[in-house]
Amino acid sequence: MFLKVIKMVELRYGAGNIFNKDVHKIGIIALGSHLENHGPALPIDTDAKIAAYIAFQASLESGAKFLGIIYPAHEIEEINHGIHYTLNELAENIIKTLKSAKKYLNIEKVIIVNAHGGNIPLFQCLDKIEAEIPLDIVIINNTVIENEGPHGGSGEISMGKVLGILNEDELHNQSNIKVFGEVGLSEFKEARKKDPGIEEGAREIEDNGVYLDVSYGKQILNLAVNSVLLDVEKLLDY
Ligand SMILES: Nc1nc(O)c(N)c(N[C@@H]2O[C@H](COP(=O)(O)O)[C@@H](O)[C@H]2O)n1
Ligand SMILES: [Fe+2]
């Protein structure tokens, strides 16, 4: 049997352009959706790429550890525009991932950057997640969802242009909700009845269509990155 000798190494936690040496205890992980329709102009993993951009940018600017991205996503049953999983399966996957971050990277606090509206009910599982992993704190940051407007609408189109994932040749078709009913979640009548936010988003697409505004896209992304940086500063104070 080979004894694995772990050589003790003095790690330079304070090195590099970081907030301070304690940021290494903080992990930032992205959560979106990889498999859902966002109209003809945006890819099916738009939410995942937006979440990953915000999480990675915030980790670069703060020095906190970028923990990658969660694969599964949840969605309410009244909305069927992609492949989604139960809240329990999503929570179990997050617990497994964060346990691994604790074990291998000694992460003590985590910020989950969520960019998919269907994951919002994850809040209900926060106690379960915190109870099952030996971490101090888990924050779920939904800032980008609070500011982006309708599903596949002008906010996501404009962020998509900034990120280079927008197909501009299809922009004129994006608001054709007879064909692409997922835009603005317009075709999901039950969801519109149950959630005034979804109804408002659908009406916006029906009344105003979809437009591209690069500075609007940059503004939403910067707001989201800055809100994650604020969460990092809050966690450093604990
Ligand atoms: N997809 C979704 N599921 C829900 O349960 C929601 N409440 C919402 N909310 C609205 O849709 C936008 C999110 O679209 P993405 O899925 O993030 O692309 C969000 O801005 C709300 O307007 N969405
Ligand atoms: Fe989504």
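Nothing fancy with the numbering, it's 1 onward along the sequence. What's counted below: heavy atoms across the whole structure, side chains too, no hydrogens, waters or symmetry copies. Ligands are counted one by one from 1 in listed order, and the atoms in each one are counted from 1 as well.
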Contact (N/O only, under 3.5 Å) between Gly152 and ligand 1:
no
Do Lys128 and Ile95 come within less than 4.5 Å of each other through their side chains, counting heavy atoms only?
yes
Where does Glu156 meet ligand 1, judged by heavy-atom distances below 4.0 Å: at the side chain, the backbone, both, or neither?
side chain
Run the side-chain contact (heavy atoms from CB on, under 4.5 Å) test on Leu122 and His74 for me, step by step, so that the C-alpha distance in whole Å, both residues' side-chain angles and the decisive distance to 0.1 Å come before the verdict.
CA-CA 8 Å; Leu122 186 66; His74 176 65; over 6 Å; no
Can you list the atoms of ligand 1 that are under 4.0 Å from a heavy atom of His116?
1 (N), 16 (O), 17 (O)
Looking at non-hydrogen atoms alone, which of Glu199, His38, Glu148 comes nearest to atom 13 (C) of ligand 1?
Glu148
Check the side chains of Ser227 and Asn141 for a donor-acceptor pair under 3.5 angstrom, ignoring hydrogens and angles.
yes
With a 4.5 Å heavy-atom cut-off, do Leu105 and Leu67 have their side chains touching?
yes
Do other residues, nucleotides or ligands put more than 12 heavy atoms under 6.0 Å from Lys189 NZ?
yes
Per-atom contacts of ligand 1 with Ile145, taking only distances under 4.0 Å to non-hydrogen atoms:
19 (C), 20 (O)
Of the options Glu36, Glu77, Glu75, which is the one that meets His84 in a side-chain hydrogen bond (donor to acceptor under 3.5 Å, both in side chains)?
Glu36
Quick check on Phe66: does its CZ atom have over 12 non-hydrogen neighbours (other residues, nucleotides or ligands) under 6.0 Å away?
yes
Is Pro150 in polar range of ligand 1, meaning some N or O pair under 3.5 Å apart?
no
Run the side-chain contact (heavy atoms from CB on, under 4.5 Å) check on His38 and Glu182 step by step: do they pass?
CA-CA 7 Å; His38 269 79; Glu182 75 273 11; 5.7 Å; no
Under 4.0 Å, heavy-atom basis, I'd like to know which part of Ile120 is in contact with ligand 1: side chain, backbone, both or neither.
neither
A side-chain contact here means heavy atoms from C-beta on lying under 4.5 Å apart; do Asn37 and Ile44 qualify?
yes
Note: ligand 1 atoms sitting under 4.0 Å from heavy atoms of Glu36 are 16 (O)
Which ligand 1 atoms, with their elements, are less than 4.0 angstrom from a heavy-atom of Gly149?
12 (C), 19 (C), 20 (O), 22 (O)
Before giving the answer on side-chain contact (heavy atoms from CB on, under 4.5 Å), spell out for Asp213 and Gln219 the whole-Å C-alpha distance, their side-chain angles and the decisive distance to 0.1 Å.
CA-CA 10 Å; Asp213 177 341; Gln219 197 182 18; over 6 Å; no
Could you tell me how the ring of His81 sits relative to the ring of Phe188: parallel (under 30°), tilted (30 to 60°) or perpendicular (over 60°)?
perpendicular
Quick one, Ile157 and Leu42 - any side-chain contact, counting heavy atoms below 4.5 Å?
yes
Atom 9 (N) of ligand 1: which protein heavy atom is closest, and how many Å away?
Ile198 CG1, 4.0 Å
Enumerate the atoms of ligand 1 whose separation from the nearest heavy atom of Ile76 is less than 4.0 angstrom.
5 (O)
Note: ligand 1 atoms sitting under 4.0 Å from heavy atoms of Gly118 are 1 (N), 2 (C), 3 (N), 4 (C), 5 (O)
Is the contact between Ala115 and ligand 1 made by the side chain, the backbone, both, or neither, using heavy atoms and a 4.0 Å cut-off?
backbone
Measure the shortest side-chain to side-chain distance between Asn93 and Tyr85 over non-hydrogen atoms and say whether it is less than 4.5 angstrom.
no
Just to be careful: counting only protein atoms that are N, O or S, how many fall under 2.8 Å of the Fe ion (ligand 2)?
3
Could you tell me the residue and atom name of the protein heavy atom closest to atom 1 (N) of ligand 1, and the distance to it rounded to 0.1 Å?
Glu75 OE2, 2.9 Å
NZ of Lys109: more than 12 outside heavy atoms within 6.0 angstrom?
yes
N/O separation below 3.5 Å, Leu185 to ligand 1:
no
Show the atoms of ligand 1 that are less than 4.0 angstrom away from any heavy atom in Asp195.
7 (N)
Which residue holds the protein heavy atom closest to atom 14 (O) of ligand 1, what is that atom called, and what is the gap in Å?
His151 ND1, 3.4 Å
